[in-house]
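Side-chain atoms are counted along with the backbone in the values below, which use heavy atoms only and exclude waters and symmetry mates.
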Amino acid sequence: DADAAVEAAKVVPAPAGPEAVLSLLQVDPLEIEIGHGLTRLADARVGGDLPDRVAATRREIALELGFVMPSVRIRDNIALGPNEYAIKVRGEEVGRTRIEPNMFMALSNGQSLSAVPGVPTKDPVFGLDALWIEQGLADQAKLAGYTVIEPNVMITTHLTEIVKSHASELLSRQDVNTLLENAKMVNSTVVTELVPAVLKVGDVQKVLRHLLRERVPIRDMVTIQETMAYYAERVKDTDSLASPSTRSSKTVSWARSR
(Lines give C-alpha, C1' and ligand atoms only; values in the text may rest on other atoms or scores of the structure.)
Protein backbone atom coordinates (compact mmCIF):
# COMPACT_ATOMS: atom_id res chain seq x y z
CA ASP A 1 0.00 0.00 0.00
CA ALA A 2 1.64 3.25 -1.18
CA ASP A 3 -0.10 5.45 1.38
CA ALA A 4 1.02 3.18 4.23
CA ALA A 5 4.61 3.31 2.98
CA VAL A 6 4.53 7.09 2.93
CA GLU A 7 3.16 7.21 6.46
CA ALA A 8 5.85 4.82 7.68
CA ALA A 9 8.55 6.94 6.09
CA LYS A 10 7.52 10.08 7.89
CA VAL A 11 10.00 11.32 10.47
CA VAL A 12 8.62 11.11 13.98
CA PRO A 13 8.88 14.57 15.53
CA ALA A 14 11.15 14.95 18.55
CA PRO A 15 9.25 15.00 21.85
CA ALA A 16 8.43 18.51 22.94
CA GLY A 17 6.90 17.90 26.35
CA PRO A 18 8.48 17.00 29.69
CA GLU A 19 9.76 13.71 28.23
CA ALA A 20 12.13 15.75 26.04
CA VAL A 21 14.29 16.63 29.04
CA LEU A 22 13.70 13.66 31.35
CA SER A 23 16.97 12.03 30.29
CA LEU A 24 18.81 15.15 31.45
CA LEU A 25 17.56 14.59 35.00
CA GLN A 26 19.34 11.26 35.39
CA VAL A 27 22.39 11.46 37.65
CA ASP A 28 25.11 8.82 37.67
CA PRO A 29 26.11 7.66 41.17
CA LEU A 30 29.79 7.81 40.25
CA GLU A 31 31.59 9.58 37.42
CA ILE A 32 35.18 10.13 36.39
CA GLU A 33 35.53 13.08 34.06
CA ILE A 34 38.82 13.45 32.20
CA GLY A 35 40.43 16.24 30.21
CA HIS A 36 41.24 15.59 26.56
CA GLY A 37 44.89 14.98 27.39
CA LEU A 38 43.92 11.93 29.49
CA THR A 39 41.49 10.24 27.11
CA ARG A 40 44.08 7.71 25.99
CA LEU A 41 44.21 6.36 29.56
CA ALA A 42 40.66 5.07 29.03
CA ASP A 43 41.12 3.94 25.41
CA ALA A 44 41.89 0.23 25.17
CA ARG A 45 42.90 0.67 21.52
CA VAL A 46 46.05 2.50 22.62
CA GLY A 47 46.69 0.46 25.74
CA GLY A 48 44.54 2.43 28.18
CA ASP A 49 43.28 0.27 31.03
CA LEU A 50 41.33 2.72 33.21
CA PRO A 51 37.98 0.88 32.76
CA ASP A 52 39.62 -2.43 33.73
CA ARG A 53 41.17 -0.86 36.81
CA VAL A 54 37.81 0.64 37.79
CA ALA A 55 36.27 -2.85 37.51
CA ALA A 56 39.00 -4.17 39.81
CA THR A 57 38.20 -1.36 42.24
CA ARG A 58 34.58 -2.52 42.37
CA ARG A 59 35.75 -6.00 43.36
CA GLU A 60 38.06 -4.53 46.00
CA ILE A 61 35.24 -2.47 47.52
CA ALA A 62 32.93 -5.49 47.54
CA LEU A 63 35.49 -7.55 49.43
CA GLU A 64 36.49 -4.79 51.84
CA LEU A 65 33.20 -3.05 52.64
CA GLY A 66 30.67 -5.65 51.58
CA PHE A 67 28.52 -3.71 49.15
CA VAL A 68 28.46 -3.47 45.38
CA MET A 69 29.96 -0.18 44.29
CA PRO A 70 27.85 1.45 41.56
CA SER A 71 29.14 1.37 38.02
CA VAL A 72 31.36 4.31 37.11
CA ARG A 73 30.76 6.42 34.03
CA ILE A 74 34.02 7.60 32.45
CA ARG A 75 33.66 10.55 30.09
CA ASP A 76 35.68 13.41 28.71
CA ASN A 77 34.92 16.99 29.74
CA ILE A 78 36.24 19.91 27.70
CA ALA A 79 35.69 22.20 30.68
CA LEU A 80 38.58 20.47 32.48
CA GLY A 81 42.22 21.23 31.88
CA PRO A 82 43.88 18.85 29.38
CA ASN A 83 45.54 16.80 32.15
CA GLU A 84 42.86 17.18 34.81
CA TYR A 85 40.37 14.62 36.05
CA ALA A 86 37.41 15.06 38.37
CA ILE A 87 35.45 12.52 40.40
CA LYS A 88 31.76 13.11 41.04
CA VAL A 89 29.37 11.48 43.50
CA ARG A 90 25.73 11.82 42.45
CA GLY A 91 26.57 14.76 40.24
CA GLU A 92 28.62 16.65 42.83
CA GLU A 93 32.35 17.06 42.28
CA VAL A 94 34.26 15.69 45.27
CA GLY A 95 37.79 15.59 43.88
CA ARG A 96 39.80 17.20 41.08
CA THR A 97 43.48 16.76 40.29
CA ARG A 98 45.99 17.50 37.54
CA ILE A 99 48.26 14.63 36.60
CA GLU A 100 51.06 13.94 34.11
CA PRO A 101 49.85 11.10 31.86
CA ASN A 102 53.32 10.39 30.43
CA MET A 103 55.08 10.27 33.80
CA PHE A 104 54.93 8.24 37.00
CA MET A 105 54.31 9.52 40.51
CA ALA A 106 56.99 8.61 43.04
CA LEU A 107 55.82 8.74 46.66
CA SER A 108 58.41 9.34 49.32
CA ASN A 109 58.17 7.53 52.64
CA GLY A 110 60.41 10.18 54.22
CA GLN A 111 63.32 7.76 54.36
CA SER A 112 64.34 7.55 50.71
CA LEU A 113 67.97 6.49 50.26
CA SER A 114 68.81 8.96 47.49
CA ALA A 115 67.30 11.79 45.52
CA VAL A 116 65.59 11.15 42.19
CA PRO A 117 65.14 13.93 39.62
CA GLY A 118 61.53 14.95 39.23
CA VAL A 119 58.91 17.66 39.60
CA PRO A 120 57.68 18.10 43.20
CA THR A 121 53.97 17.53 43.74
CA LYS A 122 51.48 16.22 46.29
CA ASP A 123 49.68 12.90 46.24
CA PRO A 124 45.98 13.86 45.79
CA VAL A 125 44.73 10.92 47.84
CA PHE A 126 46.67 11.24 51.09
CA GLY A 127 48.49 14.56 50.63
CA LEU A 128 51.95 12.97 50.75
CA ASP A 129 55.04 14.53 49.25
CA ALA A 130 55.72 13.12 45.81
CA LEU A 131 57.53 13.63 42.51
CA TRP A 132 56.50 13.34 38.90
CA ILE A 133 59.33 11.36 37.33
CA GLU A 134 60.14 10.16 33.84
CA GLN A 135 59.00 6.58 33.23
CA GLY A 136 62.57 5.50 32.60
CA LEU A 137 63.46 6.43 36.18
CA ALA A 138 60.92 4.06 37.74
CA ASP A 139 63.42 1.34 38.67
CA GLN A 140 65.88 3.89 40.07
CA ALA A 141 63.13 5.43 42.20
CA LYS A 142 62.06 2.05 43.54
CA LEU A 143 65.65 1.21 44.51
CA ALA A 144 65.84 4.57 46.26
CA GLY A 145 62.85 3.68 48.41
CA TYR A 146 60.04 5.46 46.54
CA THR A 147 56.67 3.93 45.80
CA VAL A 148 56.10 4.38 42.07
CA ILE A 149 52.53 4.74 40.81
CA GLU A 150 51.18 4.85 37.27
CA PRO A 151 48.64 7.57 36.42
CA ASN A 152 45.74 5.10 36.06
CA VAL A 153 46.58 3.52 39.40
CA MET A 154 46.57 6.95 41.01
CA ILE A 155 43.12 7.72 39.59
CA THR A 156 41.61 4.45 40.79
CA THR A 157 43.28 4.78 44.21
CA HIS A 158 41.72 8.24 44.47
CA LEU A 159 38.37 6.74 43.40
CA THR A 160 38.65 3.98 46.01
CA GLU A 161 39.18 6.43 48.86
CA ILE A 162 36.29 8.61 47.68
CA VAL A 163 33.98 5.60 47.52
CA LYS A 164 34.98 4.59 51.03
CA SER A 165 34.31 8.12 52.29
CA HIS A 166 30.94 8.35 50.51
CA ALA A 167 29.81 4.73 50.77
CA SER A 168 26.85 5.62 52.98
CA GLU A 169 25.55 8.03 50.32
CA LEU A 170 26.06 5.50 47.55
CA LEU A 171 24.16 2.67 49.26
CA SER A 172 20.70 2.85 47.69
CA ARG A 173 17.54 1.11 48.81
CA GLN A 174 17.79 -1.12 45.74
CA ASP A 175 21.32 -2.09 46.82
CA VAL A 176 20.02 -3.01 50.26
CA ASN A 177 17.27 -5.12 48.74
CA THR A 178 19.89 -6.94 46.65
CA LEU A 179 22.00 -7.58 49.76
CA LEU A 180 18.94 -8.92 51.58
CA GLU A 181 18.09 -11.25 48.72
CA ASN A 182 21.68 -12.49 48.67
CA ALA A 183 21.60 -13.08 52.43
CA LYS A 184 18.31 -14.92 52.06
CA MET A 185 20.09 -17.58 49.99
CA VAL A 186 22.42 -18.19 52.95
CA ASN A 187 19.94 -17.88 55.81
CA SER A 188 16.36 -17.23 54.76
CA THR A 189 15.03 -17.45 58.33
CA VAL A 190 16.79 -14.37 59.70
CA VAL A 191 15.87 -12.28 56.65
CA THR A 192 12.18 -13.18 56.69
CA GLU A 193 12.01 -12.64 60.44
CA LEU A 194 13.55 -9.17 60.15
CA VAL A 195 12.12 -7.76 56.90
CA PRO A 196 9.37 -6.69 56.77
CA ALA A 197 8.08 -8.16 60.02
CA VAL A 198 10.31 -6.04 62.27
CA LEU A 199 12.02 -3.48 60.01
CA LYS A 200 11.38 -2.10 56.55
CA VAL A 201 14.07 -2.08 53.87
CA GLY A 202 14.51 1.67 54.44
CA ASP A 203 15.19 1.04 58.14
CA VAL A 204 17.83 -1.56 57.29
CA GLN A 205 19.35 0.90 54.84
CA LYS A 206 19.63 3.54 57.55
CA VAL A 207 21.51 1.16 59.86
CA LEU A 208 23.82 -0.07 57.10
CA ARG A 209 24.58 3.49 56.07
CA HIS A 210 25.55 4.29 59.64
CA LEU A 211 27.96 1.33 59.67
CA LEU A 212 29.50 2.35 56.35
CA ARG A 213 29.88 5.91 57.58
CA GLU A 214 32.14 4.49 60.28
CA ARG A 215 33.83 2.26 57.69
CA VAL A 216 32.46 -0.85 59.33
CA PRO A 217 32.14 -3.59 56.67
CA ILE A 218 28.65 -4.94 55.99
CA ARG A 219 29.82 -8.06 54.20
CA ASP A 220 28.31 -10.54 56.67
CA MET A 221 24.69 -9.50 56.35
CA VAL A 222 23.43 -12.55 58.22
CA THR A 223 25.26 -11.67 61.45
CA ILE A 224 24.33 -7.99 61.11
CA GLN A 225 20.68 -8.87 60.57
CA GLU A 226 20.60 -11.25 63.53
CA THR A 227 21.92 -8.45 65.73
CA MET A 228 19.45 -5.97 64.25
CA ALA A 229 16.54 -8.36 64.82
CA TYR A 230 17.60 -8.82 68.44
CA TYR A 231 17.79 -5.11 69.21
CA ALA A 232 14.93 -3.98 66.99
CA GLU A 233 12.46 -5.74 69.28
CA ARG A 234 13.62 -3.46 72.09
CA VAL A 235 14.60 -0.29 70.24
CA LYS A 236 11.97 0.91 67.80
CA ASP A 237 13.72 4.12 66.71
CA THR A 238 16.11 3.28 63.86
CA ASP A 239 18.38 6.24 64.64
CA SER A 240 18.91 4.81 68.12
CA LEU A 241 19.24 1.33 66.66
CA ALA A 242 22.11 2.52 64.49
CA SER A 243 23.85 4.49 67.23
CA PRO A 244 26.97 3.14 68.97
CA SER A 245 25.20 3.11 72.33
CA THR A 246 22.69 0.48 71.24
CA ARG A 247 24.51 -1.20 68.36
CA SER A 248 26.00 -4.57 69.19
CA SER A 249 29.67 -4.13 70.01
CA LYS A 250 30.11 -7.79 69.15
CA THR A 251 28.88 -7.23 65.60
CA VAL A 252 31.00 -4.14 65.12
CA SER A 253 34.10 -5.85 66.46
CA TRP A 254 33.40 -8.84 64.25
CA ALA A 255 32.83 -6.62 61.21
CA ARG A 256 36.00 -4.62 61.80
CA SER A 257 38.03 -7.83 62.05
CA ARG A 258 36.99 -8.72 58.54
ILVMFWY network linking I149 to I32, side-chain heavy atoms under 4.5 angstrom | yes
Heavy-atom distance under 4.5 Å between the side chains of L128 and S108, does that happen here?
-> no
Is it possible for you to say whether L80 and I99 belong to one hydrophobic cluster, with membership spreading through side-chain heavy-atom contacts below 4.5 Å?
-> no
Sidechain N-carboxylate O distance under 4.0 Å for R215, E161 = yes
E92 atom CD, over 12 foreign heavy atoms within 6.0 Å | no
Pair K164 + E64, salt bridge at N-O below 4.0 Å | yes
Side-chain donor/acceptor of R58 to backbone N/O of M69, under 3.5 Å = yes
I155 and I87: which non-hydrogen atoms are nearest, and at how many Å?
-> O-CD1, 4.4 Å
Considering the options I34, N152, N83, which one meets the side chain to side chain contact (heavy atoms under 4.5 Å, CB included) requirement together with P101?
-> N83
So, for V148 and A141, which heavy atoms are closest and what is the spacing to 0.1 Å?
-> CG2-CB, 3.8 Å
Smallest separation among heavy atoms of A167 and L212, with atom names | O-CD1, 4.0 Å
Exercise: identify the closest heavy-atom pair between V198 and E193 | CG2-O, 3.3 Å
Would R75 and D28 pass as an ion pair if we require N to O under 4.0 Å?
-> yes
Would you say L208 and F67 make side-chain contact, with heavy atoms under 4.5 Å?
-> no
Heavy-atom pair of closest approach, residues T97 and P124 = OG1-CB, 3.2 Å
What are the two closest heavy atoms between M105 and T121, and how far apart are they?
-> CE-CG2, 3.8 Å
Please lay out, stage by stage, how D175 and S172 fare under the test side-chain hydrogen bond (donor to acceptor under 3.5 Å, both in side chains).
-> CA-CA 5 Å; D175 293 331; S172 68; 3.0 Å; yes
